[in-house]
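Here is the structure we will look at.
Hydrogens, waters and symmetry mates are skipped; everything else that's a heavy atom, side chains included, is used. So that the names make sense, note that chain A is the first sequence line, chain B the second, and so on, each numbered from 1. All values derive from a computational prediction rather than experimental measurement.
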2 protein chains.
Amino acid sequence: MTISEVSEKYGLSADTLRYYEKAGLIPQVRRRESGIRDYSEADCGWVEFIKCMRGAGLSIETLVEYVNLYQKGKRTERKRRNLLVAERDRLKAKMEEMAKTLERLNYKIKVYDTKILSCEKDLLARKE
Amino acid sequence: MTISEVSEKYGLSADTLRYYEKAGLIPQVRRRESGIRDYSEADCGWVEFIKCMRGAGLSIETLVEYVNLYQKGKRTERKRRNLLVAERDRLKAKMEEMAKTLERLNYKIKVYDTKILSCEKDLLARKE
DNA sequence: GTTTGACTTGGATTTAACTCAAAGTAATAT
DNA sequence: ATATTACTTTGAGTTAAATCCAAGTCAAAC
């Protein structure tokens, strides 16, 4: 797959894909003799994984570390696991914070709805 | 309350508090004759509200708009309500995305745990 | 066979949200 | 009274994460 196909498929610009690769967010993609990137299934898997993790707010720095460990082989499994656990916990905490804010927003909206409703009632009453 | 007290109370730097005020994220704080900010209860309420909303990822731009509407009075209630609904929906969507990623992380961790466990078993077996 | 379009690299620019620095004034502690 | 601390303003610098640009190469369509 060419970079533009991958870009299309995952909704990431070619610039971003090259940037991710250069930064070490995904392993080096193999090239044709001409030097053009040819994304394998595995490469696409990485792109998708990284897109997903970035979408949840994991930092590039952290993900680079994960990929680094991955490339060092089986010896690093425990470290990788621990890195994921730490990120999982951070994500969970963030979601809990957001859940509280969501509730707060819902409450505020309800208050506004009552306010607006009572205001409309007033207007109607005045019409009679 | 002085700026440093508010800073302490909410864990936002004095710089950030001044920045928020200047940017219109919170209404103008009243000053003493000397020109020093003197945060009222209401001001603190705003600071806390903004901190909470920023923590959930609402943009400064959006919050500035909300505060602007608020300062224009009752006439803007419906607009404020609609703004909050839009942000609530965005937040909800974000949380759903994050929930999926959380599940994915949990699954990956589980896979690592099995891998690591089976590796340890191997080592033990070899000892005998 | 030349024009078009996709690709390459490396470096510069952008954006959001702070964060810091410089230069100066005012209040407080000793 | 003087030294320290907290505050003021304006404007510059920082950070993360892209995103864009320039200059150039290559393959393919017409």
Side-chain angles (χ1 to χ4, degrees), chain A residues 1-26 28-40 43-44 46-68 87 90-91 94 97-98 101, chain B residues 1-26 28-40 43 46-67 87 90-91 94 97-98 101:
Chain A
M1 269 187 133
T2 69
I3 201 170
S4 62
E5 285 167 334
V6 177
S7 163
E8 172 75 12
K9 186 167 182 186
Y10 296 108
L12 295 170
S13 74
D15 264 326
T16 299
L17 286 170
R18 283 188 287 260
Y19 163 66
Y20 278 2
E21 183 179 341
K22 204 168 169 186
L25 261 171
I26 56 171
Q28 298 275 339
V29 175
R30 259 202 317 142
R31 314 295 184 97
R32 300 201 204 139
E33 299 86 68
S34 55
I36 290 177
R37 288 175 181 78
D38 186 10
Y39 287 78
S40 69
D43 292 327
C44 287
W46 275 105
V47 169
E48 193 276 331
F49 173 68
I50 290 301
K51 185 191 162 139
C52 175
M53 294 301 139
R54 288 287 306 126
L58 277 72
S59 75
I60 285 189
E61 202 186 354
T62 306
L63 293 168
V64 166
E65 203 191 331
Y66 181 76
V67 176
N68 273 339
E87 291 308 306
R90 283 162 49 85
L91 182 55
K94 192 77 197 164
E97 187 190 351
M98 286 164 85
T101 304
Chain B
M1 268 187 132
T2 69
I3 200 170
S4 62
E5 286 167 333
V6 178
S7 163
E8 171 75 13
K9 185 167 182 185
Y10 295 108
L12 296 169
S13 74
D15 264 326
T16 299
L17 287 170
R18 282 188 287 259
Y19 164 67
Y20 278 2
E21 184 178 342
K22 203 169 171 186
L25 261 172
I26 56 172
Q28 298 275 339
V29 175
R30 260 201 318 141
R31 315 296 185 95
R32 300 200 203 139
E33 298 87 69
S34 56
I36 290 178
R37 288 176 181 77
D38 186 12
Y39 288 77
S40 68
D43 292 327
W46 275 105
V47 169
E48 194 275 331
F49 173 67
I50 290 301
K51 186 191 161 139
C52 175
M53 294 302 139
R54 288 285 307 126
L58 276 71
S59 75
I60 285 188
E61 202 187 353
T62 305
L63 294 168
V64 166
E65 202 191 332
Y66 181 77
V67 176
E87 290 308 307
R90 283 163 48 83
L91 182 56
K94 192 77 198 166
E97 187 190 352
M98 286 165 84
T101 304

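Note on B/Arg31: a side-chain N or O is less than 4.0 Å away from OP1 or OP2 of D/dT9. Listed pair A/Ser4 / C/dC7 meets the phosphate criterion, a side-chain N or O lying under 4.0 Å from OP1 or OP2. Between B/Arg54 and C/dC18 there is a side-chain N or O to OP1 or OP2 distance below 4.0 Å. The phosphate of C/dC18 (OP1 or OP2) has no side-chain N or O of B/Ser13 nearer than 4.0 angstrom. Taking 4.0 angstrom as the limit, B/Tyr20 places a side-chain polar atom (N or O) nearer than this to OP1 or OP2 of C/dC18.
Projected onto DNA chain D by closest heavy-atom contact, A/Glu61 and B/Glu5 fall at different nucleotides, the more 5' of which corresponds to B/Glu5. Summary of the strand contacts: B/Arg37 and A/Thr16 both lie near DNA chain D, and taking for each the nucleotide with the nearest heavy atom, the more 5' one is attributed to B/Arg37.
Tested against A/Ile50, the residues A/Tyr66, A/Tyr20, A/Tyr10 include a single side-chain contact (heavy atoms from CB on, under 4.5 Å) partner, A/Tyr20.
The backbone N or O of A/Met1 sits less than 3.5 Å from a side-chain atom of A/Asp38, completing a donor-acceptor pair.
Separation of atoms CZ (B/Arg54) and CG (B/Leu12) is listed at 10.5 Å; rounding is to 0.5 Å.
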Output a table of nitrogen or oxygen pairs between the protein and nucleotides 20-27 of chain D separated by less than 3.5 Å.
{"unit_1": "D/dC20", "atom_1": "N4", "unit_2": "A/Asp15", "atom_2": "OD1", "d": "3.4"}

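The separation between A/Glu21 atom CD and C/dC7 atom C1' is 13 Å, rounded to whole Å.
Using a 4.0 Å cut-off between a side-chain N of Lys or Arg and a carboxylate O of Asp or Glu, B/Glu21 and B/Arg18 do not qualify as a salt bridge.
Nearest nucleotide to the A/Ile60 side chain, out of D/dT9, C/dA17, D/dA18: D/dA18.
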